[in-house]
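Taking it in order: structure first as structure tokens, then the write-up.
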Amino acid sequence: MQEKYNFSEIEHKWQEKWLAENIDRADTSSAKPKFYALAMFPYPSGNLHMGHVRNYSIVDVIARYKRMQGFEVLHPIGWDAFGLPAENAAIKNQTPPVDWTWRNIANMRRQLQEIGISYDWEREIATCHPEYYRWTQWLFLEFYKHGLVYKKKAAVNWCPSCATVLANEQVVDGVCERCETTVTKKDLEQWFFKITDYADILLEDLDKLPGWPEKVKSMQRNWIGRSEGVEASFPLEGQAENLTVYTTRFDTIYGVSYVVLAPEHPLVRELVKGTEYEQDVLAFTEKMKGLNEITRTSTEIEKEGLFIGKYCLNPMSGERVPIWIANYVLLEYGTGAVMGVPAHDDRDFEFALKYGLAITPVIQDPACPPEKKEQPLAAAYIDEGIMINSREFDGLPNEEAMEGMADEAERRGVGQRKVNFRLRDWLISRQRYWGAPIPMIYCPKCGTVPVPADQLPVLLPTDVIFKSGVNPITTSESFVKTRCPLCDGEAERETDTMDTFMCSSWYYLRYTDPRNQEAPFSETAVDHWMNVDQYVGGVEHAILHLLYSRFITKGLRDFGYLKVDEPFENLLTQGMVCMDGSKMSKSKGNVVSPEEIIERFGADTARLFILFAAPPERDLEWSEQGVEGCYRFLNRVWRLAVQYRQLVQTGAAQERLFKDLDNPAKEMRRQTHLSIQRVTTDIGLRFNFNTAISAIMELVNALYLYKEQPGFTLEVTQEAMETIILLLAPFAPHMAEELWSELGYSGSVHTRPWPQAAQEALIQDEKTIILQVNGKVRDRIQVPAAISNQDLEAKVIALGKIPEWTQGKAIVKVVIVPGKLVNLVVKG
RNA sequence: GGGCGAGUGGCGGAAUGGCAGACGCGGUGGACUCAAAAUCCACUUAUCGUGAGAUAGUGGGGGUUCAAGUCCCCCCUCGCCUACCA
């Protein structure tokens, strides 16, 4: 055994051995209970960053710990390999995306192997591999077959720079998430997944996920945005048609003083046609179109609107109501038309004030003093109250009136209760090359025809030209020109590819059976491994990826391919890796490369630091000195092993008897088992790896001191050393493995059972009791652990410094917390 | 505007309602050394005190409790998400 900790040599040696033997292979037919540990798979950008290292280290600790606990662990890795950067790189360097991507994967695979994550490499997948995207296409067809995929012309978010459509989720502050170009609107025929059919169940089933952070669930709830309201029909004056509005405050219907439409609302053109208002209205609409998403939807911008010269009738009161258009009404939500109730809505209030529209209160604020009741409102009153100015509903609490009014509207056929969602259907078309082609064919005779499943995959063509602003796939004649599967006539292929969120919405299923050539996965494999027991990734995927994955899982369940309702049983969202207070990123120039750290300190140190510096959910502040501290700690463990080598080796495999231990030995042994207990709960129950590591550090510190004791006990020392190595195995797998073999143990430390805390070792003969007077700590005493409360009380009152504090005062109460504390409450 | 977090030493961070600051970093002192580095040991919230110790102390203010960093109410600051959703 070398005197010095040579991490580089050790790490490479074991990495090669583990890989050659694939010791982390997951066996589907194993009799052990299964555990599926999963990190969100990476985009192969070319290099691993610290965020990856953190993510994978967290999951690796869990995976290794579970293996030692006797579970058969599935811990796979793969590549979310389709996407824009490959294509941009292709344009820039004139290399095909496929080459760029595979080169990046090769490099990142090597980097992953250098941090010693315990993956089953035989299950590695890449979404850009035809054997993978073949099944992504199959998935598309399955959803199509079940009526959950459709094509429609839609005003879509268009990024002029990427020349593609973006999902709402990919537009951030009105600019493209990827290239930060301002997004515009464009009318295009697009493929959609009908996720809205699943809106209710996606919302409801969030309650089935106690293992998810509340934060993520609430983000999904808000995104789905379920609301209950009424769709009311306002008859248009002098026309047969109705104007439909959606409202969640039908109780305020008698307070309507105007109705307002989104400028793009199709009725607007019709209503103003040939009137004196036409020109102004069209000009206003054009102006709105010209504004980008941010300005348009910003609450900061002043409300602006225009009367369009027409009226409709309030379906409840029959009152004549002017029709307006305004910038604050969104076409996409509800019916694109809103009833304006200035007295009880902040936005309507602001609008009415500006344009001098009537403000009629219909709900009385109970807190409003009587003398103010007749005065004009200073602000909209949006809370509960008693109805006024609402005919037969006057005097009722507004919640009650809401029900009555809705009943009446339904009876009279002028309104209908309606549940509305903010969630839109999922637009999956992308006018890009580097993605899974949508398996559809357009035949002049037969129309839109799906590619038969046995003809999959629809391969990406290679005879394409890459240039900015054009979908390269359309430049491949061999791809576009095809034959109709039905009539064999000349036909054309769909040239759009799928949103990469499609590829990542089912990869966790493919891992269960990654080499299956007949199906995306076999029933046996998927039923055996699903659900994912622990999923770990960044909170940035809280909405999109996780919602789409839940949707796809529910669809496949409904089609009969799966049994599970939800894909991810437990979710952990890890914090960012920061430096100097802000997220490590290339643009900020505050990045530390994992490779550099591994070269200088080794993978075990890098892993240990990243797990020790903060609990996993929280942001982590990178600290060079912190890294050195962890390196020092591992060296300290190494030196301990070097010193004890001879001693431990002689007893490595033997049964140990702990008889006639002296006090220091008992204390050392207690420390050992206490550490086992703490590390076990910290990893298994709390995911607090930072405190788990500090518990191991304490054990190491205790052993350093114990060895200085005259006549220390061999068995106790052996047990402590062995425990340190076992507890360290999930965190610093290379060092643990090396020490395990150097100290004469056989086999891999990673296949050893996790140590168990022996209860008898934790028992103390004596305990320290805290003595308080009126809640303040005044003294502490050593007492036999088995002391009775009476004896303890008597002892406390008489002994130590306590009489000093109770002198001349009456003890009114004695609180005893057994084994811990005595509090005397005194008076006078 | 709304939602969710978080405020604890010089720093990262610990504390099932029961000794605030574990562990690590940094700092101080000592040992080893010709010397330095490394290592090992000890100390390290502030104020007062030679000392034993005392007092204060977890963003601010109230409250519940024998006992509050922890539970309840109000307020302040910071971070993230979301945003005219009718």
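Hydrogens, waters and symmetry mates are skipped; everything else that's a heavy atom, side chains included, is used. Proteins get letters first, then strands, A, B, ... in listed order; numbering begins at 1 in each.
- The side chain of A:Arg347 places no N or O atom within less than 4.0 Å of a non-bridging phosphate oxygen (OP1 or OP2) of B:G2.
- If you check every strand for non-hydrogen atoms under 4.0 Å, A:Ser623 touches nothing.
- For the OP1/OP2 pair of B:U55 and a distance below 4.0 Å, the side-chain nitrogens and oxygens of A:Arg778 include at least one atom meeting the criterion.
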Using nucleotides 17-22 of chain B, report all nitrogen or oxygen pairs with the protein that are shorter than 3.5 Å.
residue: B:C19; atom: O2; partner: A:Arg780; partner atom: NH1; Å: 2.6
residue: B:C19; atom: O2; partner: A:Arg780; partner atom: NH2; Å: 3.3
residue: B:A22; atom: O2'; partner: A:Glu698; partner atom: OE1; Å: 3.3
residue: B:A22; atom: O2'; partner: A:Glu698; partner atom: OE2; Å: 3.3

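- A:Glu621 pairs by the salt bridge (charged side-chain N to carboxylate O under 4.0 Å, His left out) definition with nothing, not counting sequence neighbours.
- Separation of the P atoms belonging to B:A54 and B:G60 is 24 Å when rounded to the nearest angstrom.
- Between A:His344 and A:Tyr381, the ring planes are perpendicular. Angles over 60° get that label, and only those under 30° would be called parallel.
- The gap from the C1' atom of B:U77 to that of B:A86 amounts to 33 Å, rounded to the nearest Å.
- As rounded to whole Å, 13 Å separates atom C1' of B:A86 from atom CG of A:Leu261.
- Rounded to an integer number of Å, the gap from A:Asn774 CG to B:A54 P is 15 Å.
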Secondary structure of RNA chain B per the Watson-Crick/G-U criterion (both distances under 3.5 Å; [ ] crossing, | other strand, . unpaired) is (((((((..(((.....[....)))((((((.......))))))((((....))))..(((((..]....))))))))))))....

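- Note on ring orientation: taking the six-membered ring where Trp is involved, the planes of A:Phe731 and A:Phe689 are perpendicular (angle over 60°, cut-offs 30° and 60°).
- Protein atom CG of A:Asp619 is 16 Å distant from nucleotide atom P of B:G5, rounded to whole Å.
- Distance A:Arg636 CZ to B:A38 P: 15 Å, rounded to the nearest Å.
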